[in-house]
Chemist: 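Mind looking over this structure? Questions follow.
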Amino acid sequence: MAQFVIQGGAQLGGEIAVSGAKNSVLKLIASTILLHGDTTITRVPQAQDVFRMCEILSSVGAAVDSSDNTVRINTDAITQTTLPQDLVKRLRASTVLIGPMLARHGEVRLAYPGGCVLGKRPIDLFVASMRVMGAEVEEQEESFVFHAKKLKGAEYFFPLVSVTATENMMMAATLAEGRTLIKNAACEPEIPHLAEFLNFCGARISGAGTHTIIIDGVKELHGGEVETVPDRIETGTFAILAAAARARIKITHCRPDHVESLWAMFDRMGIPYAIGPDWVEVQKTDKPYPAVEVTTKEYPGFMTDLQPPFTVLLTQAQGMSLVHETIYDGRLFYLDKLNTMGAYTLLCDPHRAVVQGTRKLHGKQLESPDLRAGIALVIAGLIAEGTTTIDNIYQIERGYEHIDERLRALGADIKRVEKSV
Ligand code: EPU
């Protein structure tokens, strides 16, 4: 068990490089189940969720070899179709293994996936989309069994836009018989990136990155080499940190064009920044920021994953801001923790909150409820007066590689302390 201990108020500045995206690499790893031969994935973030995904693949018989930020995988020797319950319960994204396992092995058994408070959301869209492709799905009390001798191409309109359910169906369809049409597909940048990799491996996917994806099934796919796309959530998080800490920070090795909704918000708030092809520099300003309204939306709208850090920034804006979280129930339930630090936020209903600024924050003893709320508390601790301790940092390390070291390089006073139990 470890915790972060943060002394707030240190002047931040300098450069920080963005890692490969956790939410891209998890799907790239899952997609190797479809591939014959070796695959090499580079720019892999050393994050706990990535370790769990690799452990799941190893446990069913795949050869997985990781060193630094590279993972080599060969799934030809997979023999098991039951995914280990303890790992699935720790990783919501294990749902993206359903399609590849069904397509290549005709069966998959898994427990109800978990991860964090948000991870226990429904998987009905996975079930429905696999059923239209001919899979039989048995729902037991605590688990699911999916069977399909051979998946068949089908047309499916997602009643709700879902990133992982889109990716899962797209992967399943690459080895199905005939044509699949995914309608109302999610458009997040990780989806066309995954499609591009699978096409390189022999798949026939078009339209990824739009709301309609067409996949013509092929008999076999081969392995390849792929570099993980830069993490747009990290890019946005570091930019928000710079604005909240009134620091000049250059964020490098990123894709600023994947985070346009945040730059639009910075424009509205008068936060100065400059953008290059693979960097963004947030400049230091003493001007007050005005309060704004922000509504989370599917890509290219304002990312739900940036909502908690952005709310911390809004505590430093003048006046009353409104935060409207439309993607998740429960993604505003960290606000009570911010309030204990001196913020003034009011939860109007599970999806809407008002944030009254400007408020001085002070250090507190806290626990990280989930990944993105956890990093928001880190940002709050960095701009607060005094000492903040954050427990349950597994939830933060699920998605951010060596975050304490990287923040220290910007001048942050943050220590990772092992706690004796
Ligand atoms: N939903 C259902 N049924 C389903 C699937 C989803 O009702 O079968 C609902 C969810 O409960 C949610 C909404 O659909 O209310 C949208 O969720 P979505 O399925 O798009 O989320 P996801 O695919 O499970 C991915 C990211 C999330 C990110 C969301 C939205 C991965 C591994 N996870 O989740 O990332 O917030 O898309 O962009 O790609 C994170 O990294 O912290 C994280 C939670």
Side-chain angles (χ1 to χ4, degrees), residues 26-36 49 52-64 73-116 118-160 162-178 180 182 185-186 194 198 215 217 219-221:
L26 292 175
K27 303 21 164 338
L28 293 172
I29 294 172
S31 79
T32 63
I33 292 175
L34 299 162
L35 313 178
H36 284 275
D49 275 7
R52 298 297 85 76
M53 187 60 110
C54 288
E55 286 161 16
I56 294 178
L57 257 70
S58 301
S59 74
V60 292
V64 182
I73 304 177
N74 184 313
T75 62
D76 289 337
I78 285 187
T79 46
Q80 292 281 325
T81 53
T82 302
L83 308 183
Q85 179 168 331
D86 54 328
L87 294 174
V88 168
K89 282 196 173 297
R90 294 181 84 181
L91 182 68
R92 158 78 191 186
S94 50
T95 50
V96 295
L97 296 164
I98 296 171
M101 286 296 286
L102 262 182
R104 179 109 184 253
H105 299 284
E107 186 182 88
V108 61
R109 293 163 185 267
L110 77 164
Y112 213 94
C116 62
L118 292 173
K120 296 181 193 87
R121 47 197 188 270
I123 70 158
D124 54 317
L125 301 176
F126 292 81
V127 171
S129 53
M130 293 301 95
R131 276 195 174 131
V132 297
M133 297 186 76
E136 279 171 28
V137 187
E138 277 172 57
E139 294 190 38
Q140 295 164 355
E141 207 172 306
E142 276 291 305
S143 61
F144 293 84
V145 187
F146 293 74
H147 289 282
K149 268 213 178 83
K150 180 79 189 161
L151 289 173
K152 295 199 172 32
E155 199 174 309
Y156 184 66
F157 183 97
F158 275 97
L160 209 82
S162 164
V163 177
T164 42
T166 298
E167 292 164 326
N168 181 66
M169 188 171 187
M170 184 173 87
M171 289 191 277
T174 58
L175 292 179
E177 220 169 71
T180 297
I182 306 179
L194 174 65
L198 287 170
I215 306 108
K219 289 227 152 47
E220 204 174 285
L221 297 170

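The basis for the numbers below is simple: all heavy atoms, side chains too, and nothing from hydrogens, waters or symmetry mates.
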Chemist: Taking atom CG of Leu34 and atom CE of Met101, what is their separation to the nearest 0.5 Å?
Modeler: 10.5 Å
Chemist: CE of Met53 to CG of Leu97: how many Å apart, nearest 0.5 Å?
Modeler: 4.0 Å
Chemist: List the atom of Leu102, the atom of Met130, and the distance in Å for their closest heavy-atom pair.
Modeler: CD1-SD, 3.8 Å
Chemist: Indicate yes or no: at least one non-hydrogen side-chain atom of His147 is less than 4.5 angstrom from one of Glu138.
Modeler: yes
Chemist: What are the two closest heavy atoms between Ser162 and Ala186, and how far apart are they?
Modeler: O-CB, 3.7 Å
Chemist: Within the distance-only criterion (no hydrogens, no angle test), does the side chain of Arg131 pair as donor or acceptor with the backbone N or O of Val137 below 3.5 angstrom?
Modeler: yes
Chemist: Report, as yes or no, whether the 6.0 Å neighbourhood of atom CD on Gln85 holds more than 12 heavy atoms from other residues, nucleotides or ligands.
Modeler: no
Chemist: State, with a plain yes or no, whether a side-chain heavy atom of Thr164 is found less than 4.5 Å away from one of Lys27.
Modeler: yes
Chemist: Should Leu175 and Leu151 count as side-chain neighbours, where that means a heavy-atom distance under 4.5 Å?
Modeler: no
Chemist: Taking the side chain as every heavy atom from C-beta outward, state whether Phe144 and Thr95 have any atom pair closer than 4.5 Å.
Modeler: no
Chemist: Does the pair Glu177/Lys150 count as a salt bridge with the N-to-O cut at 4.0 Å?
Modeler: no
Chemist: Can you tell me how far OG of Ser94 sits from CG of Leu87, rounded to the nearest 0.5 angstrom?
Modeler: 9.0 Å
Chemist: Determine the minimum heavy-atom distance between Ile78 and Ala62, stating which atoms define it.
Modeler: CG1-N, 3.9 Å
Chemist: Starting from the C-alpha separation in whole Å, work towards a yes-or-no answer on side-chain hydrogen bond (donor to acceptor under 3.5 Å, both in side chains) for Thr75 and Arg104.
Modeler: CA-CA 10 Å; Thr75 62; Arg104 179 109 184 253; 3.3 Å; yes
Chemist: Closest heavy-atom contact between Met169 and Ser129?
Modeler: SD-CB, 3.6 Å
Chemist: Can you measure from CG (Leu194) to CD (Glu167) and round to the nearest 0.5 angstrom?
Modeler: 6.0 Å
Chemist: Whether the side chain of Asn168 engages the backbone of Gly99 through a donor-acceptor N/O pair (distance < 3.5 Å, no angle test) should be reported.
Modeler: yes
Chemist: Does the side chain of Ile33 come within less than 4.5 Å of Ile73's, by heavy atoms?
Modeler: no
Chemist: CZ/Arg90 to CG/Asp49 distance, rounded to the nearest 0.5 angstrom?
Modeler: 9.5 Å
Chemist: Could you pull out the closest heavy-atom pair between Leu57 and Thr32, with the gap in Å?
Modeler: CD2-OG1, 3.5 Å
Chemist: Looking at every heavy atom in both Val96 and Met171, which two are closest together, and how far apart are they?
Modeler: O-CE, 3.5 Å
Chemist: Rounded to the nearest 0.5 Å, what separation is found between the CG atom of Leu91 and the CG atom of Asp86?
Modeler: 11.5 Å
Chemist: Are side-chain heavy atoms of Val127 and Phe146 found at a separation under 4.5 Å?
Modeler: yes
Chemist: Return yes if some donor-acceptor pair links the side-chain N/O of Lys89 with the main-chain N/O of Pro84 below 3.5 Å, else return no.
Modeler: no
